[in-house]
There are 2 protein chains.
Amino acid sequence: MSSSREPLNRARIVDAAVRLIEREGVEAVSMRRLAAELGAGTMSLYNHVPNKAVLVDLAAERIMAEARPYHVDSDDWRDHVRAHARAVRELARQHPRAFVMLATRRLSSQAGFMTIEAALRNIERAGFRGKVAVGMMRAMVSYLLGTLMREVATSPELGGIALSPYEDVDVSAFPLSAEVIDELGTYDHDHEFEFGLELMIAALERYQEPD
Amino acid sequence: MSSSREPLNRARIVDAAVRLIEREGVEAVSMRRLAAELGAGTMSLYNHVPNKAVLVDLAAERIMAEARPYHVDSDDWRDHVRAHARAVRELARQHPRAFVMLATRRLSSQAGFMTIEAALRNIERAGFRGKVAVGMMRAMVSYLLGTLMREVATSPELGGIALSPYEDVDVSAFPLSAEVIDELGTYDHDHEFEFGLELMIAALERYQEPD
DNA sequence: CCCTGCGACGTACGGCGTACGTAGGAGGCT
DNA sequence: AGCCTCCTACGTACGCCGTACGTCGCAGGG
């Protein structure tokens, strides 16, 4: 495939891995396939990358680095938090298969720090610093991670989610669930994300003005 | 291994899978190994289970079903929310390797509904019903999923997390991060979990008394 | 007594990650 | 020029994996 005259190098390999991950998910990545795609011998890859695990790590970092810094024109910290959260969501939606992978991996990259720094800046804007700010930042990250995992790992094109997840369960044993069963079966991800986001913002606001 | 005189059946196979998952994680599960552990031929498993994917699903459901309903003596909905969240956390900590698996899978089981119903009950106690309650429940689930993923996927015994994740990054470019770098490198999961939990509760409270 | 059906199992295929050994070419040295 | 050293590419092979397929033996019914 693509001009096999180019000598192999780490960048080209990682590139190919990223493309493959975005196209078919991590589980589709194999050293043999990658090599074939690069028109190289399988074992040649090992001259540039110690093993598959770190290759995947490198790919994860590369994808993370694609995150564009968001921009927003406002003095209100809430708008910044919103913009930041939406930017993360955008990244997740653009790379659904990669996101699941990123989510289960601890990041230690420059790119990861950019996100952390931006989140801390927003929380500082809201009037928090130090330990409390870190706690809030982490809670925010947890919420984002959670919703986006749910949104993205649930998307139908990603591997056979049942149409109605509640087919073979007798709901009558669960009165409250039964009452809102239609709601439970429906996912309006836009709405849910924004709802949860406002909930998180409300929580921060409440800490601002203590009783 | 263990009394190979017993005839094979689905329950025994799923049991073995669960044990193996809890001991060494999903990635350690293989049909050959499972069969060996049961003192059976590899292909005999396929008489009781169509393929590995559904076997793992069955194991996931079985683990989920182990979740004990929590109990708490209080009239305050906050205490119920706390108890529920802590029960989920306990489950995650008792089965860290299984939890990561459960988290990336959509549940449609009876057991899953028990959790949903309990969460809805608590939120109803706080005075919310219908669509709003579902949104809140989902936000709560997202937060729980997120923190617990972070807590559990990060635990050192689960596959080589670097001691200090921020070794080779130049923090000086990130002033706010630098300011709290010690905090960032430290994880007090108990404290963090409770902090985030109170944040979520605060958010619900704020919805109770609208400005 | 035979027939039928089912569960257990062996073999084999095409995949995987990667250890290891080899070969060839580029660059520096004398 | 000749040689040596080092780096990269690559082939082979090992031990895993999931599972399709075919066979065999045995239990139960006619």
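Nothing here was measured: the structure is a model prediction, and the numbers come from that model. Each chain gets a letter, A, B and so on, in the order its sequence line appears, and its residues count up from 1.
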**OP:** With sequence neighbours left out, write down each residue that passes salt bridge (Lys or Arg N to Asp or Glu O under 4.0 Å) with B:R32, or none if nothing qualifies.
**Re:** none
Original post:
Can you check the A:E27 CD to C:dC16 P distance for me, whole Å?
Top reply: 13 Å
Subject >> Gap between atoms CG and P, on A:L45 and D:dG11 respectively (whole Å) >> reply: 12 Å
**OP:** Ignoring backbone atoms, establish whether B:H48 has a side-chain N or O less than 4.0 Å from OP1 or OP2 of C:dA8.
**Re:** yes
Original post:
In chain order, what residues pass the side-chain contact (heavy atoms from CB on, under 4.5 Å) check against A:L144, with sequence neighbours excluded?
Top reply: A:A85, A:V88, A:F193
**OP:** Output the distance between atom CZ (A:R10) and atom CG (A:L55), rounded to the nearest 0.5 Å.
**Re:** 9.0 Å
**OP:** Could you run through nucleotides 13-29 of chain D and give me one letter per nucleotide, 5' to 3': B if any protein heavy atom sits under 4.0 Å from the base, S if only the sugar-phosphate is that close, - if neither?
**Re:** B---BBBBB--------
Subject >> Under the salt bridge (Lys or Arg N to Asp or Glu O under 4.0 Å) test, residues paired with A:D182 that sit two or more places apart >> reply: none
**OP:** Could you tell me the separation between the CG atom of A:L38 and the C1' atom of D:dC10, rounded to a whole number of Å?
**Re:** 15 Å
**OP:** Please identify each residue that fulfils ring pair (Phe, Tyr, Trp, His ring centres under 6.0 Å) with A:H84, with sequence neighbours left out.
**Re:** A:Y70
**OP:** Identify, with sequence neighbours excluded, every residue that meets salt bridge (Lys or Arg N to Asp or Glu O under 4.0 Å) alongside A:D15.
**Re:** A:R62
Original post:
Can you name the residues that form a side-chain contact (heavy atoms from CB on, under 4.5 Å) with B:E90, not counting sequence neighbours?
Top reply: B:Q94
Original post:
Please give, in whole Å, the distance from D:dC6 P to A:N47 CG?
Top reply: 16 Å
Report each atom pair, protein N/O against N/O of nucleotides 26-28 of chain C, whose distance is under 3.5 angstrom.
none

Original post:
Of the nucleotides D:dC10, C:dA8, D:dA9, which has the atom closest to the A:A40 side chain?
Top reply: D:dC10
Subject >> Contacts of A:R129 that satisfy salt bridge (Lys or Arg N to Asp or Glu O under 4.0 Å) - sequence neighbours left out >> reply: A:E124, B:E179
